Amino acid sequence: MSTLLEAPAVTASRGSASLHAWVARMRALLLPERVVWCDGSEAQRELLLAEMVDSGTLLPLSEELRPGSFLARSDPDDVARLESRTFICSAREADAGPNNIWREPSLMRAELDERFAGVMRGRTLYVLPFSMGPVGGPLSRVGVQLTDSPYVAVSTAVMTRVSAEVVDLIEAGADWVPAVHSVGMPLVDERGRRIADVPWPCNETKIIAHFPETREIWSYGSGYGGNAILAKKCFALRIASAIGRDEGWLAEHMLLTRITSPEGRSFHVAAAFPSACGKTNFAMMQPSLPGWRVEMLGDDITWLSRGPDGRLWGMNPEAGLFGVAPGTGHSTNPVAMRTIAQRTIFTNVALTPDGDVWWEGIGTPAPEGLIDWRGEPWDPARGAPAAHPNARFTVALEECPSLAEDWDAPRGVPIDAIVLGGRRSDTVPLVTEARDWQHGVFLGATMSSQRTAAAEGTVGEVRFDPFAMQPFCGYDLADHWTEWLRLGERLGARAPRIFRVNWFRRDADGRFLWPGFGENVRVVDWMLRRLGGEVPASESVLGLVPERRDLDLEGRPLPAEDIEARRGVDPDAWWRETQVIEHHLDGYGLRLPAALTEELLRLRCGLWEHIR
Ligand code: SAT
Ligand code: MN
């Protein structure tokens with residue numbers, strides 16, 4: 001395993017003393033009015049927040065109801081990640097894979113040069129030296145984001161470790177990733193005339209460009225989430241996945257949690273779910289069964305590597321949460337509600353007349369006089385939600401009451417189980433254990449999920465989202481599966497077990513078959529008893545499934561058909577599923593690992609036997 005100081009050859013040229021030279025070069029390109037170096041201090045946060053209140057970007061919430069918290073309303077056209085405007089500019093098109101939109105690097109550079117020339121006229125350029133993972137940790141990585149958005153500057157300081165110590169590390173020779181971001185709206189035009197600012201500046205044109213070989217990120221035109229907080233999806237997933245491929249580790253779209261059973265046994269689970277499919281809820285689960293405890297370690301990204309003990313270890317590189325607000329409520333996720341009780345920046349939620357926040361699914365009725373996410377009086381009769389479905393909260397991990405004490409351990413924690421889950425209203429059963437690592441990789445490579453409001457596209461439409469990395473892998477996903485297979489070989493008998501879950505299956509009337517949230521501990525309980533070798537599992541065509549008696553449904557009287565439906569395999573539906581899986585895998589051509597074709601064949605043979 002390489003460390004921070006073992007810079008890969010391609011970026012070594014960036015060198016140690018080049019940070020200041022780079023900032024000077026960027027300053028000459030971007031032409032900001034002033035430059036502010038950020039240090040992550042409380043004093044600087046206060047200053048930036050006050051400036052944003054003055055400029056109208058932030059609305060302070062009630063000090064009594066939501067202390068230290070603010071509301072931002074984005075431009076209505078800048079509300080989510082834009083996959084159609086996200087580009088991987090690898091030297092060779094084939095390296096980006098069918099999962100990415102490729103742009104020839106020199107053409108993209110020419111476009112960026114044009115777009116970024118003078119783009120910060122009249123604005124402040126914030127320089128954010130940040131670390132993913134504890135500063136100086138053996139698995140941590142550093143980067144420097146430039147941005148003209150104070151909202152992005154404050155958000156980055158919540159989501160990462162922004163610190164002057166990072167500059168020291170760079171000056172001492174650490175490799176670093178440069179990331180340039182602009183909202184794309186200068187405040188001075190070409191003739192030198194001032195242009196009035198708006199609360200949420202952005203540009204109609206948006207570009208989120210990654211250069212995996214030179215480890216660079218350029219983002220133009222959006223101020224929102226994963227488009228703009230470049231340390232998160234752009235660095236910690238897309239660029240980090242490319243670094244990991246070269247160095248033998250994996251950057252994954254996974255939550256990380258420690259679960260302790262009533263007998264006091266602790267297990268670490270890393271779980272991949274697509275955006276807005278309940279990662280935060282799982283990571284902060286309040287178990288419905290007595291005696292269980294869940295400690296939060298991360299809710300979105302886990303860097304996985306083989307540890308010195310030969311086991312798989314996972315580390316959350318982030319320091320904050322950028323969670324989906326709608327659906328987060330007192331009954332569904334009480335821990336999240338306590339986490340966001342103070343010092344939180346909310347984006348695109350509704351505002352109550354007494355200066356608090358509200359959204360669909362918060363668990364209280366909408367108060368009279370609610371203001372919707374666009375800043376208009378909300379009229380429920382119009383049928384539009386009060387909060388945008390992708391409304392978010394940004395808050396430091398340290399605000400989470402269930403945060404594990406060792407959440408920033410430099411090497412993370414050893415992983416006992418990997419969970420893969422999509423949002424599927426049909427076909428995929430509640431829980432399946434992979435027969436072995438290769439089968440687990442097949443389950444990951446063929447994960448599919450209904451689209452959510454976290455990115456553009458038709459909500460509800462099923463698409464493949466392998467390992468929940470479809471929008472986030474900085475290289476060909478077929479190579480990503482090869483990396484997973486190789487990891488299994490290296491871990492051997494020490495590899496964690498792999499499970500697939502689906503909390504979202506519905507019956508013919510559209511009713512959820514599984515209650516979800518804190519009740520998911522019943523499924524976790526089965527997984528952990530499997531790890532301990534305490535319960536047998538039934539062989540099914542899809543993998544190993546629980547015996548009915550082993551799934552603890554005490555106090556949860558569910559009709560028997562529900563249980564069967566949750567576990568049941570509909571051979572015709574699965575035959576159709578194998579057809580779309582085949583098409584999906586075929587799209588990866590010759591790079592597709594043969595092991596996955598073999599697994600598909602095994603699944604088809606199993607179905608064939610199933611009906612005979
Ligand atoms: O990419 S975001 O950080 O905006 C959220 C997500 O899609 O997980
Ligand atoms: Mn995510």
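Positions are given from 1, in the same order as the sequence printed here. When a ligand or atom number is given, it counts from 1 through the structure's own listing order. Values below: every heavy atom of this structure, side chains too, minus hydrogens, waters and symmetry copies. Note that the structure is a prediction, hence the values are computed from the model and not measured.
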Proximal ligand 1 atoms for Ala454, defined as those under 4.0 Å from one of its heavy atoms:
7 (O)
Tyr224 to ligand 1: N or O pair under 3.5 Å?
no
Within 45 degrees of the axis of the six-membered ring of Phe442 and under 6.0 Å from its centre: does Arg500 put its NZ or CZ there?
no
For Ser275, atoms of ligand 1 separated by under 4.0 Å from a heavy atom:
6 (C), 7 (O), 8 (O)
Reported CH2-to-OG distance for the pair Trp303 and Ser140, which is rounded to 0.5 angstrom
7.0 Å
Counting only nitrogen or oxygen atoms and a 3.5 angstrom limit, does Gly226 reach ligand 1?
yes
Under a plain distance cut-off of 3.5 Å, with no hydrogens placed, do His253 and Gln470 share a side-chain donor-acceptor pair?
no
For the Mn ion (ligand 2), give me the closest N/O/S atom belonging to Asp300, just the atom name.
OD1
Are the charged groups of Asp246 and Arg215 less than 4.0 angstrom apart, N to O?
yes
Give a rough value, rounded to 10 degrees, for the angle at the Mn ion (ligand 2) between atoms NZ of Lys233 and NE2 of His253.
90°
Per-atom contacts, ligand 1 versus Arg392 - under 4.0 Å to a heavy atom
5 (C), 6 (C)
Once rounded to the nearest 0.5 Å, what's the spacing between atom CZ of Arg424 and atom CD of Gln450?
7.0 Å
Got an N/O contact under 3.5 Å between Lys233 and ligand 1?
yes
Side chain or backbone, does Arg81 bring an N or O within less than 3.5 Å of an N or O on ligand 1?
yes
Looking at Glu247 and Arg141, is any side-chain nitrogen of the basic one under 4.0 Å from a carboxylate oxygen of the acidic one?
yes
Hey, does the Lys NZ or Arg CZ of Lys233 hover above the aromatic six-ring of Phe472, less than 6.0 Å from the centre and inside 45° of the axis?
yes
Quick one: CG on Leu139 to CE on Met315, what's the gap to the nearest 0.5 Å?
5.0 Å
Would you say the Mn ion (ligand 2) has Phe472 as a near neighbour, meaning an N/O/S atom of that residue under 2.8 Å away?
no
If the cut-off is 4.0 Å to any non-hydrogen atom of Lys232, which atoms of ligand 1 fall inside it?
3 (O)
